[in-house]
Protein chains: 2
Amino acid sequence: MPRVVTIRTVAERAGCSIATVSRVINGSARTSAEVEARVRAAIEELGFRPSEIGRSLKTLRARTLGVVIPSLTNPVFAASVAGMEAEARRRHHTLLLTATDYDAAREPEVVETLVAQSVAGLVLTVTDADDNPTLDRLDAEGIAYVLIYNEPRRTERAAVSVDNAGATFALAKAMIAAGHRRVIYVAGRFATSDRARTRYLGYLAAMSEAGLAAEAPLELDYLADPAGHGAALAGVFGPPGRPTAALCSNDLLALSVMAALRALGLKVPQDVSVAGFDGIALAGAAYPSLATVDTPTRRMGERAVEKIFELLDGSAAPTLERLPFELRPGGTLAPAPDASPVASARRPDAASPSFPASPEPPSE
Amino acid sequence: MPRVVTIRTVAERAGCSIATVSRVINGSARTSAEVEARVRAAIEELGFRPSEIGRSLKTLRARTLGVVIPSLTNPVFAASVAGMEAEARRRHHTLLLTATDYDAAREPEVVETLVAQSVAGLVLTVTDADDNPTLDRLDAEGIAYVLIYNEPRRTERAAVSVDNAGATFALAKAMIAAGHRRVIYVAGRFATSDRARTRYLGYLAAMSEAGLAAEAPLELDYLADPAGHGAALAGVFGPPGRPTAALCSNDLLALSVMAALRALGLKVPQDVSVAGFDGIALAGAAYPSLATVDTPTRRMGERAVEKIFELLDGSAAPTLERLPFELRPGGTLAPAPDASPVASARRPDAASPSFPASPEPPSE
DNA sequence: GGCGCGCCTGAAACCGTTTTCACAGCCGTT
DNA sequence: AACGGCTGTGAAAACGGTTTCAGGCGCGCC
C-alpha cells in the first residue's frame with residue numbers, strides 16, 4: 001500500500017487546502033509564515049514527497065530526459081551517458097535510458113516509448129542523422145532533441161559532436177607522416193554508424209592529399225567474437241605487401257583488432273601500427289597505449305543536456321556544435337617498418353610516441 | 001504544442017466513448033468488431049499514442065524501473081545496465097537511470113527521486129547492503145527492489161550477485177598454486193564498496209589456508225589519475241622482497257595497476273602477476289590478457305529485472321541469488337619468479353595461461 | 001409473448017497535482 | 001466613511017488515462 005500520503009493528507013494535517021500546500025512546496029505564491037510553518041511541519045512528519053506523475057499530468061511535461069544510444073557496452077557511450085546523468089541531476093531531471101543495439105529499425109519505437117512518457121527532451125545517437133524519419137517526426141511535433149556524436153548536414157538540427165572527418169584526417173596524416181604508405185581503415189558496423197562513414201571520408205582525404213592509394217575499408221563487427229576478426233584480418237594482413245597501419249573507427253574496435261593481430265602473430269606496433277577514435281579511458285591503460293583521437297566524451301554528454309535546456313527555454317536555436325578534440329599519441333603508432341628494400345632497416349621504437357599531440361601535425 | 005491528440009480526440013473521430021477506446025487499446029474488455037475497427041483506424045490516422053503519465057496516474061505505478069549504480073564509467077555496471085535495459089524493454093518498461101558516484105550520502109536522495117516517479121521497482125548497487133537506512137525504508141514501504149553485486153547478510157533482501165568471497169578465494173588459491181607467496185590485495189574505494197571488502201575476506205581465507213602471511217590491503221582510487229597510483233604502488237613494489245602478485249578488487253583497477261606497474265619499470269607478469277575481478281569484455285583484449293573472475297555481468301542485469309517482476313507478481317519471495325562465476329585464465333598470471341635464491345631461475349612464459357578455468361583448481 | 005440473461009457501450013468517478021478564479025479581510029487613500 | 005487595491009486563502013477545474021457502474025439491446029427459452 002505505497003503512497004498513502006498525498007497532498008490531501010498534508011493539507012488535512014496542516015489544516016489548510018491542497019492549493020496552499022502546493023504553493024508552499026513550489027514557492028509559486030506567497031503564503032503566511034504561520035501557515036507555511038504548519039505545512040512544512042506536516043510534510044516533515046508525514047514524510048510526504050509529491051508525486052512526479054501527478055505533477056507531470058498537469059504540466060504535460062515530465063522532469064525526465066529520454067536517452068537513445070546504440071549500446072552501453074561501448075565505453076564511449078557509457079561515458080557520455082554518465083555526463084548526461086550528472087548534468088540532468090544538477091537540473092533535477094532523471095534519465096530515461098534506452099538502447100537500440102545499432103538497429104535502425106528500433107529507433108522509431110524507442111523514441112515513441114520515450115515520447116509517450118512525456119519526456120522534456122531527448123538526447124540521441126542515431127544510425128543516420130540526415131535521412132531519418134524519426135527525427136523528422138520530432139521536428140514536426142516540436143519535441144526538443146539534441147544529437148550526440150552524429151553530425152547532421154542539416155544545420156537546423158541540434159547536435160553535439162566533434163569534427164569526425166577532420167579528426168580522422170589529422171590522425172591519418174599522422175600515420176602517413178610516420179612513414180606509413182599502406183594504411184587501412186577498419187570500421188565496425190559501417191552500415192549502422194554514420195560516424196564510421198564520416199570518419200572514413202577523413203581517411204580518404206588524407207590518403208588522397210598524400211597521393212596514396214586508399215584501401216577498401218575493412219568492416220568488422222566488434223560485438224562478435226574476436227575469433228571472427230581473425231579470419232577477416234588474416235585476409236588483409238596475411239598476403240605480402242600488407243598494410244602497415246590500421247586506422248580503426250573507434251577505440252573498442254582498435255583494442256579488439258590489436259588482440260586479433262597478436263593472435264595472428266603480428267606485433268603491434270613493430271609489424272602493424274594501430275590507432276583508434278574516441279579516447280576511452282582504457283585506451284591509455286592498454287599496452288602499448290592506444291594512439292587515438294581524444295574526444296571529450298563525458299563533457300559531450302553534459303553539453304547535450306545543457307543544450308536541451310537551452311532549446312526548451314528558447315535561449316538558443318538548434319545548432320551543430322563541435323567540441324575540440326586532441327590527437328593522443330600512443331605506443332601503438334610507430335614509424336612504418338621500412339617497406340622499401342633499398343632503405344635502411346630502422347628499428348621502430350614502441351616506447352616513443354610518434355606524432356605530436358596538436359590537432360594539426362606539421363604538414364610535412 | 002505537443003500532444004494535441006488524446007484519447008478524447010480518438011473517441012470523437014471513431015464516434016464512441018473514451019472508455020471504449022481504452023478497452024480497445026488494452027484489450028481489457030470485449031468490443032464489437034465494427035467499433036474496434038473504427039477505433040484502430042482513428043488511432044492510426046491520428047498517430048495516437050496513449051500518455052504513460054495519464055495511465056500511471058490511475059495505476060499509481062509507472063512502467064519504469066529505477067536503477068541506482070555507483071558509476072557508469074565502470075564497464076561492469078555499464079554491462080549490467082545493458083542487461084537490465086534489454087530485459088526491461090522486453091517487458092515494456094523503461095529504465096530511470098541514476099548514479100551515486102560511490103557517494104553513500106547520495107543514495108537516499110536518488111532513491112527518493114525514483115520513488116517520487118512511482119517506479120514499479122528498483123535495481124541497485126549500494127555501498128553497504130547490510131547497514132543501510134535507505135533499504136530499510138524501501139522494506140518498510142513495501143517497494144520492490146533487487147540488489148545487484150551486493151551480497152546482503154540479511155537473507156530477506158532480494159539480490160543477484162556472485163560468490164564474491166568464494167571467487168576471490170579461488171583466484172587467490174590459483175595465484176598461490178602458481179608459486180606466489182607474497183600476494184597483495186589491491187582495492188579501489190574500499191570504504192564505499194562492500195564488494196571490495198567481501199572479496200578481501202576471500203583473499204584472507206586463501207592466504208590463511210596456505211599458511212601465508214596476508215598483506216595489508218592497498219587502497220587505490222581508480223578514478224583518480226593513474227599517476228597517483230604510481231606513488232602508492234612504488235611504495236609497495238619498490239622495496240626488496242616485494243609482492244610477486246597483485247590481486248585487484250576489479251578489472252578496471254587491475255588494468256590501471258598494470259599500466260602503473262609498467263610505468264615503474266616492472267614487467268607483467270614476469271615481475272608481478274596481476275589478476276582482476278568481474279570479467280569485463282576488455283580484460284580479454286588487454287595485453288597480456290587479464291586473468292580474472294568472469295562474472296555474468298549482463299545476465300545479472302537481466303536476472304535482476306526478472307526478479308523485480310517476480311517480486312511484483314508475488315511468484316517468488318526475495319532471496320539472495322548467486323550466479324555462477326568462472327576463473328578466466330590470462331597472461332597476466334604466471335608462475336612466481338622464484339623468490340628463493342637456491343631454486344633454479346625458471347623463466348615465466350607470458351603466453352601460456354597459468355591456471356585452469358575451473359572454479360576450484362586442484363588443491364595442490 | 002414475456003422474461004431473463006449476456007454482450008457492448010457510455011457516463012462518470014477517480015488518480016495527485018497545478019493553476020485559475022473568486023472572495024474575504026485589511027489597509028491606505030480620498 | 002466609502003472605496004480600491006493588495007494579500008492570503010480555498011473551491012474547483014483541469015490534465016489523460018482506467019475502471020466501475022448502470023443500462024440498452026438482442027436473443028433464447030419457457
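Scope of the values below: all heavy atoms of this structure, side chains included, with no hydrogens, waters or symmetry mates. Reminder, nothing fancy here: chain letters follow the sequence lines and each chain counts from 1. This structure is a prediction, so every number in the text was calculated from the model and none was measured.
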Fill in: Degree of bending, the helix from C:dG1-D:dC30 to C:dT30-D:dA1 (end axes from five pairs; round to 10°)
60°
Worksheet item: Would one find a side-chain N or O of B:R55 under 4.0 angstrom from OP1 or OP2 of D:dT18?
Response: yes
Item to complete: Starting at atom NZ of A:K58, determine the distance to atom C1' of C:dG16, rounded to an integer number of angstrom.
Response: 12 Å
Fill in: Check: D:dG17 base within 3.5 Å donor-acceptor of B:R8 side chain
yes
Response to the item:
Here the distance between atom P of D:dG8 and atom CZ of A:R38, to the nearest Å, is 14 Å
Response to the item:
Picking from D:dG16, D:dG8, C:dC15, the nucleotide nearest the side-chain atoms of A:S32 would be D:dG8
Discussion item. Tell me the interatomic distance from A:I7, atom CD1, to D:dA12, atom C1', rounded to whole angstroms.
Written reply: 14 Å
Fill in: Whole angstrom value for the distance that separates P of D:dG17 from CD1 of B:I43
10 Å
Worksheet item: With distance as the sole test, does A:T59 use its side chain to make a donor-acceptor pair with the main-chain N or O of A:R61 at under 3.5 Å?
Response: no
Worksheet item: Going by an N to O cut-off under 4.0 Å, is there a salt bridge joining B:E36 and B:R30?
Response: no
Item to complete: State whether B:D136 and B:R157 are salt-bridged, where the test is any N-O pair (Lys NZ or Arg NE/NH1/NH2 against Asp/Glu carboxylate O) under 4.0 Å.
Response: yes
Practice prompt. Please check if atom CD in A:E156 has more than 12 non-hydrogen atoms from other residues, nucleotides or ligands closer than 6.0 Å.
Written response: yes
Worksheet item: Could you give the distance from CD (A:E85) to NE2 (A:H93), rounded to the nearest 0.5 Å?
Response: 13.0 Å
Worksheet entry | Salt bridge A:R154-A:D130, side-chain N to carboxylate O under 4.0 Å | no
Worksheet item: Between atom CZ in A:R63 and atom P in C:dT17, what is the gap in whole Å?
Response: 12 Å
Worksheet item: Is there side-chain contact between A:L312 and A:I308, with heavy atoms separated by less than 4.5 Å?
Response: yes
Worksheet item: Separation of A:R30 atom CZ from D:dG5 atom C1', in whole Å?
Response: 16 Å
Worksheet item: In whole angstrom, what separates B:E36's CD from C:dC7's P?
Response: 16 Å
Practice prompt. Kindly state which residues belonging to residues 16-29 of chain A come within less than 4.0 angstrom of DNA chain C, counting heavy atoms of the residue only, listed by number.
Written response: A:I18, A:A19, A:S22, A:R23, A:N26
Discussion item. Applying the side chain to side chain donor-acceptor pair (under 3.5 Å) criterion to A:E107, which one of A:T134, A:T100, A:N132 satisfies it?
Written reply: A:N132
Worksheet entry | Proximal nucleotide (of C:dG16, C:dC8, C:dT9) relative to the B:V35 side chain | C:dT9
Discussion item. Within the 4.0 Å heavy-atom criterion, would you say A:L57 contacts the bases, only the backbone, or no part of the nucleic acid?
Written reply: base
Worksheet item: Expressed in angstrom and rounded to an integer, what is the separation of B:E34 atom CD from C:dC8 atom C1'?
Response: 12 Å
Practice prompt. State whether B:E44 and B:R40 are salt-bridged, where the test is any N-O pair (Lys NZ or Arg NE/NH1/NH2 against Asp/Glu carboxylate O) under 4.0 Å.
Written response: no
